[in-house]
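What you are looking at is a predicted structure, and each value in this text was computed from that prediction instead of being measured. Letters go in sequence order (proteins before strands), and every chain restarts at 1.
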Number of protein chains: 2
Amino acid sequence: MATQRDVARAAGVSLAVVSAVVNGTSHTRMRESTRTRVLQAMQQLGYQPNQTARSLRLNQTDMIAMILNKIDNPVYGPLRHGVYEAAAEHGATVLLGDAETMRFGSRFLTRLLSQGTVDGILIRGEGLLDDDVMAELRSHPKPILILEHAMDHPWIDVDDRRAGEIATRFLVNLSHRHIVFVGGLGYLSQQRYLGYQQAMDAVGLTPAPHLATGFGEQAGADGLRQAMQAATAPTAIVVNNIMSAVGVLAAARDLGIAIPDQLSVVGIHDVDLMQHLRPAVTAVRMPMYQLGRAGVEALYDLIAGRPSAGGVITDPEPELVIRDSATALTRIRD
Amino acid sequence: MATQRDVARAAGVSLAVVSAVVNGTSHTRMRESTRTRVLQAMQQLGYQPNQTARSLRLNQTDMIAMILNKIDNPVYGPLRHGVYEAAAEHGATVLLGDAETMRFGSRFLTRLLSQGTVDGILIRGEGLLDDDVMAELRSHPKPILILEHAMDHPWIDVDDRRAGEIATRFLVNLSHRHIVFVGGLGYLSQQRYLGYQQAMDAVGLTPAPHLATGFGEQAGADGLRQAMQAATAPTAIVVNNIMSAVGVLAAARDLGIAIPDQLSVVGIHDVDLMQHLRPAVTAVRMPMYQLGRAGVEALYDLIAGRPSAGGVITDPEPELVIRDSATALTRIRD
DNA sequence: CTATTTTGAATTAACGTTACGTCAACAAGG
DNA sequence: CCTTGTTGACGTAACGTTAATTCAAAATAG
């Protein structure tokens, strides 16, 4: 493969000039005619710059890593999109990894830890990473930004507490009084439950305990079954994890509970799938795309040594998308 | 950050020895005591090898790219998993890209084309790439393997024709006679339609024309509506794209068609979601995980200059997963 | 006791870039 | 005519690694 040296030889100039043409450096100047001559030689030889050499010289790879806890979660679609887009604007490419496969000593981790692989790291799902893995990552010379609430790291996140509040208030306004929260594990669920509590407290209702059944479809089904065993069955449910909403719908059908007539359901996080389910699921849309973009910007602030604008994203706010799974309470179930 | 030179200095040895310790090279030998001394120095200084320098020297990055046409499609979950796993076994990391964002001149494409970025490329969704993008990729010095049928490239794929046949034959065996195929665009759908045709022909039934409505949930809904406008309504449907099955279920509900009592549905490709829908969707599971693994192996064959074992994966075969969306025909609808 | 082999290491030349420092040729100013 | 400045380029030293080559000292053979 052709190198700058070959191009230089073909164009009858020095290496420095070729490099300057490639990078548009102002330091080394040249006549316009020389520039086109070099350009032609590059074309003719099919020259492609060698990223590796460039990275070594500049100590910068134009690549960032993003680690997600459950990479398959459709919720991450827009997040990934935002990250890829913003990264491209910074001239960078994204190396995507899954927290689940990131065990101690795994190939991906070793790779990340070695120098000259990425310029920075974005992590969502810190809680799912082993402590020793996090410790290793912490020793990384390049900046790390956490895409959720973190104590000892720069972080940025969407407003989960607010989402729980919005979902719950919507149901309260539909006259529901027995509202349960089907949740998961970890800080995120806790925040959403907090929002649920606030909305309940605000109108003098007693919050039900947090039904933490985990993530995914099955967790939703389990959660609904548990909720229905209570002395007074709920008339409405806030579902922490959006994929759990699918399980709630399935379990409701299996139990002969009509949604929304007998039970209203509101999910947190919105994905395309929700509008195609029957009933279509009312959900709180989180600004994940913006989180992705903001995350990359904040990471590049850190990379440049600037102070990073972290914290909770309040613009845009979580937004309620009203569909068919929640309706006003018209009769009290016995 | 500590380099091999620093380690060498600290351990009182030469660069060569440090390199040999890091790589376990047999060429440069040393006393066991020297080795541990170097190891200690590495520990103390927190030495991490520099990937960039390594890649430059070895002309090999231990990174492969995978390009998918619709990265969000849950069907790709197991594929991605297989690829990541097999790549890790080869000591490599995976750079994941989306065909949709790979326009001419895009950051990701330029990056791929420049030397020293990846050792090889895996592509699924060649049909969705612009011709000029494919032309650029074709000029890439590193090997490219297509994860679907291809004419002028090494390729490997699952058996889509067979999947169409399996789905259709299952419905035929359930006594269905009016079976339609709701499909999409591109070679894959065509193959599956071919399988459908074969299964119909085999029992002397006339295949219905290919209802190509595209991909995704909406395409399924559109397909069902179109199918229902026929002079004699079908009693069963084979859905090409599994996410379209969600749309078929929704449209059926909207139209007041009971599944499976009035209409049987079988999807091609199986994803977790299917077992959580109501009715749970009967589907043909494709060996996508194995495709991922086999793809990586074939790519590394190419990288090593060995002949690559390509073609259609016949072991395991597509497998029918029977759930609740298809049932035996007991009465003829008018 | 010398000749030969083995052991344990050190030197060094790349890999392809980029950026600093240098410098000849020419132009403009006094 | 000399001084100073500008233009257009060239040479070269890194960046951190690996592997080929070289070589002294120790061990073994004859």
Reported CG-to-CD distance for the pair A:Leu56 and A:Gln115, which is rounded to 0.5 angstrom
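Rounded to the nearest 0.5 Å, the CG-CD separation comes to 11.0 Å.
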If you round to the nearest 0.5 Å, how far is CG of B:Leu96 from CZ of A:Arg80?
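Output value for this atom pair is 7.0 Å.
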Counting any heavy atom closer than 4.0 Å, what does [X] reach on the DNA or RNA strands: base, sugar-phosphate only, or nothing?
{"X": "B:Thr3", "value": "sugar-phosphate"}
{"X": "A:Thr34", "value": "sugar-phosphate"}
{"X": "B:Arg29", "value": "base"}
{"X": "A:Val13", "value": "sugar-phosphate"}
{"X": "B:Asn59", "value": "nothing"}

Atom [atom1] of [X] to atom [atom2] of [N]: distance rounded to whole Å?
{"X": "A:Arg54", "N": "D:dT17", "atom1": "CZ", "atom2": "P", "answer": "21 Å"}
{"X": "B:Leu56", "N": "D:dA19", "atom1": "CG", "atom2": "P", "answer": "13 Å"}
{"X": "A:Arg31", "N": "D:dG8", "atom1": "CZ", "atom2": "P", "answer": "6 Å"}
{"X": "A:Met30", "N": "D:dT7", "atom1": "CE", "atom2": "C1'", "answer": "12 Å"}
{"X": "A:Asn23", "N": "C:dT17", "atom1": "CG", "atom2": "C1'", "answer": "9 Å"}
{"X": "A:Gln48", "N": "C:dT17", "atom1": "CD", "atom2": "P", "answer": "11 Å"}
{"X": "A:Glu32", "N": "D:dT7", "atom1": "CD", "atom2": "P", "answer": "15 Å"}
{"X": "B:Leu15", "N": "C:dA14", "atom1": "CG", "atom2": "C1'", "answer": "14 Å"}

Minimum-distance nucleotide to [X] side chain [options: [options]]:
{"X": "A:Ala16", "options": "C:dT11, C:dT17, D:dC10", "result": "D:dC10"}
{"X": "B:Thr25", "options": "D:dA19, C:dG16, C:dA19", "result": "D:dA19"}
{"X": "A:Val17", "options": "C:dA19, C:dA9, D:dA9", "result": "D:dA9"}

B:His27 or B:Tyr47, whichever maps to the more 5' nucleotide of DNA chain D
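In this pair, the answer is B:Tyr47.
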Need to verify one output field. Residue with the more 5' nearest nucleotide on DNA chain C, B:Ala53 or B:Gly12?
B:Gly12
Can you name the nearest heavy-atom pair linking A:Arg124 to A:Leu147, along with the distance?
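For A:Arg124 and A:Leu147, the tightest heavy-atom pair comes out as NH1-O, 2.9 Å.
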Result for side-chain contact (heavy atoms from CB on, under 4.5 Å) between B:Val38 and one of B:Met42, B:Gln40, B:Arg35 points to B:Met42
Between A:Thr117 and A:Ser114, a side-chain donor and acceptor under 3.5 Å:
yes
